[in-house]
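Here's the structure we're looking at; comments come further down.
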Amino acid sequence: MSIIILLVIAALIFAGGFLAAFFWATDDGQFDDTATPAIRILNDDTVEKSKS
Amino acid sequence: MPEVQEAVLCHHCGEECKNEDLIIEDKHFCCVGCKTVFELLQENDLCGYYDLEQHAGVSLKSKNHEGKFDYLQNPDIEAAILDFKSEKLHKVTLFLPAVHCSSCVWLLENFHKIRAGVLHSRLNFIKKELSLTYDPTNVSLKEIVELLATLGYEPLISLENTVAKDQTRTKKSNRLLRQIAVTGFCTGNIMLLSFPEYFKLDLQNDVDAQYQKFFLYLNVILALPVYFYGAADYIKGAWVSLKEVWKRNTTTLSVDIPIALGVTALFIRSLYETLINGAGAYWDSMAGLVFLLLLGKWVQKKTFDYLSFERNYKSYFPLAVEVKNKDHFDYKNVDDLRKGDIIRIHNNELIPADAQLADGKAFIDYSFVTGESEPVSIRNNEVIYAGGRQKGQNIELVVTKEVSKSYLTQLWNQANFKEEKEVANTKLADDFSKYFTYITLAISFLTAIYWAVVNPETAWPAFTAVLMVACPCALTLSMPFTMGTVMGIFGKNKFYVKNQNVIQKLTEIKHIVFDKTGTLTKNNDYRELTYKGESLSEKEQSLFKSLALNSTHPVSKLVASHFDKSEELIFDEISEMEGAGILGYIDSQKVQIGNAHFLGVPQHQLDKEARVYLKIGDTVKGCLKTRPVFREGFEGVIAKLKNSFNLYLLSGDKSTDKAQLSEYLAEDHLHFEQKPEDKLHFIKTLQDSKEPVLMVGDGLNDAGALRQSDLGIALSENTQAFTPASDAILDANKFSELSNFIEFSRKSVNIVKLSFLLSLVYNFICISWAVSGTLSPVVAAIFMPLSSISVVLFAVIITYFSARKSNLLT
């Protein structure tokens, strides 16, 4: 049964990893501009087409 | 069948090819500018630009930027603009107001293909900011900016850019995001780990008891960051407020106090339960509470951060100006201008500092400063004020005052401009919490005393329970969520408010002051022209048109545009009297256009509304009158607002339109020839009665009044363009909705009050449990968040519902 204690701690550490990932993402500015990437993703392909 | 001629549209910008029609392959272009861009794109294989969106380009008609960006060659100025500078790499962020569609994103992010040396470009579509990385040995900033301008994306470079970019705001919002993340993380885990407790572990069983301890202590550890990090701002805020009250600076207790009290009570009680009693505690109630509060705070802080509400004169002024250095001119940052410097101003450039005319023919358009639309001519040695715009040839000026000490900029240096307007932040909530805190404390102490007498064991739990549940969580949440919703609804209707306080301020307004030109009426370019006098023959019309075409004066342009369809004739002799009119001879016939004095107009032909008189030979034919064109829905709004507010009008113009305006507004509420300072003082006098004033304006000349007023709304044809510092920006097309907005903000405050009432009902139920000492952790854990969420939902749903009823949502 004591495996539960281990599991809970492991789960906490795991979730803590996501928390750290969130911190990294905000500091990296991933949430600064949420509009342009939506447009950008549609654009890239056409570039290559017109090039070839 | 008559032949229908289809309008030829420009392949680049989509405008009709009226005067010119340039053709490449089978594509039409309306001007050389558009054609150049197309050729440039074709050369670089970037014609995909036109596939994404038809006619994606920006019209380039009558845009000439030759020499305009020469100042970027000056290393000091360049350094001021650059974000990062090394030998091989420069980084710069430019604001491009023309960005408008996905094609723009595509083209600008492929900028490196057009110009070698540009390494990387990235566009923020919402903020319209282009971040560029380039190799300075290969391409200069000036070349980049010029190329952008050629493409139709002329960057706006102003003094404001050079002021160190403000990073504190993003840092602050990052801190809040972190708090939310940490608290959310802890809350989720605490909730999960509390389940064993709620499902009644068998404490007699050794194994179960061991687990229970483990879960409890884990909860304590998880709750520590919630209390000391997540709730830190509330506790600090409460402490500051308490100190203020202690020092007797104020008697109002801020809303932070009951929150901090509740959270602290939860924390201490839970610590006591866990460590002393070894029993289940209120950890999840506490964490959930803090989490919800932080979410509310986040909603409250959400603003339209792509709009700037804080612009001052610096955004309008040029960055650099040509200054005479012995025998040649150098570019110099306008901040470094000193008294005595000789500066050169080109056509259409803004004069950055008060100066004296030294050389050249100055013809200054002060519409920017005063709102008066007619340019004035200046004689040598006369003073020209900063903010004026030169029309015509180059002039040389001697600076008499530094930029920051100029007449116009002085307006910003007034004391009240420096401090933020009084923040009525949580005024409504504060009013509530003033009594709330005292009542809560009274109830909890009374409960404690009662139980101390009846049953001392229940005294402690009952006392803390009252403090815990009385926390005004729902109260503090309903406000930000309701107001946030209202802000979003307003935003959808193109009324952008700076923050949530503005909505509340809107409900307190008693006086409304309007600017005239550009606010109530459309801009001067849209004035309606009417001719009054004897009818003119075809020949006479073309005479006036041809004569008017010889002058650059705006009134002459009006005349020419009125007789637009007439034939153009060549005059034998023309002479222009500045500030009076123009006179010409054709086939020994005298033709005159000008003011009454210049033409010697007889008494009976004088007209108050006349703008300019026309005369052939010795007879005054008539005059041209201009009438302002009011914004659509103007009458309706004024009629509605008239009932509940005192309306005033301030205009920098002469009183030509007075007769027309007095149909709508009381005559003694109309004020003309108001300088920016007069406008400011007028607002001040109105405010003496302690009644809040709303100012609606559009230009820099209203900036002082907008700032002084309790609530300043800047009206703008294009909300992305520059607007003076204000509390809200309203799209000019939505002007007719103004009364509706005010009405709706009233409703929303009522909704908030209603939700306060609801949360009080919840509090009442909770407190009755708490007083009787029967509040168990499970009940608290379910009931507390549930009450908050239901109050918020109630408020938001009702807000949406009433927005639909007010036609603000479809």
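What you see is a predicted model, and the numbers here were worked out from it, not measured in a lab. By convention in this document, chain letters (A, B, ...) are assigned in the order of the sequence lines, proteins followed by strands, and residues within each chain are numbered from 1.
Between A/V8 and B/L218, some side-chain heavy-atom pair lies under the 4.5 Å cut-off. Between B/F111 and B/L147 there is a side-chain heavy-atom pair separated by less than 4.5 Å.
When heavy atoms are compared at a cutoff of 4.5 Å, A/L12 approaches chain B by way of both its backbone and its side chain. Both the backbone and the side chain of B/N124 come within contact range of chain A, with heavy atoms under 4.5 Å apart.
For the side chain to side chain donor-acceptor pair (under 3.5 Å) condition, the pairs that include at least one residue of residues 223-232 of chain B, sequence neighbours left out, are B/Y227-B/T264.
Remark: B/K91 NZ is loosely packed, at most 12 non-hydrogen atoms of other residues, nucleotides or ligands lying under 6.0 Å away.
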B/N219 and B/T274: CA distance, side-chain angles, deciding distance, side-chain contact (heavy atoms from CB on, under 4.5 Å) verdict: CA-CA 9 Å; B/N219 273 346; B/T274 313; over 6 Å; no

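Among residues 21-28 of chain A, the residues having any heavy atom closer than 4.5 Å to a heavy atom of chain B are, in sequence order, A/F22, A/F23, A/T26, A/D27.
To the nearest 0.5 Å, atom CG of residue B/D233 and atom CG of residue B/L294 are 8.0 Å apart.
Closest heavy-atom contact between B/T187 and B/A287: OG1-O, 3.3 Å.
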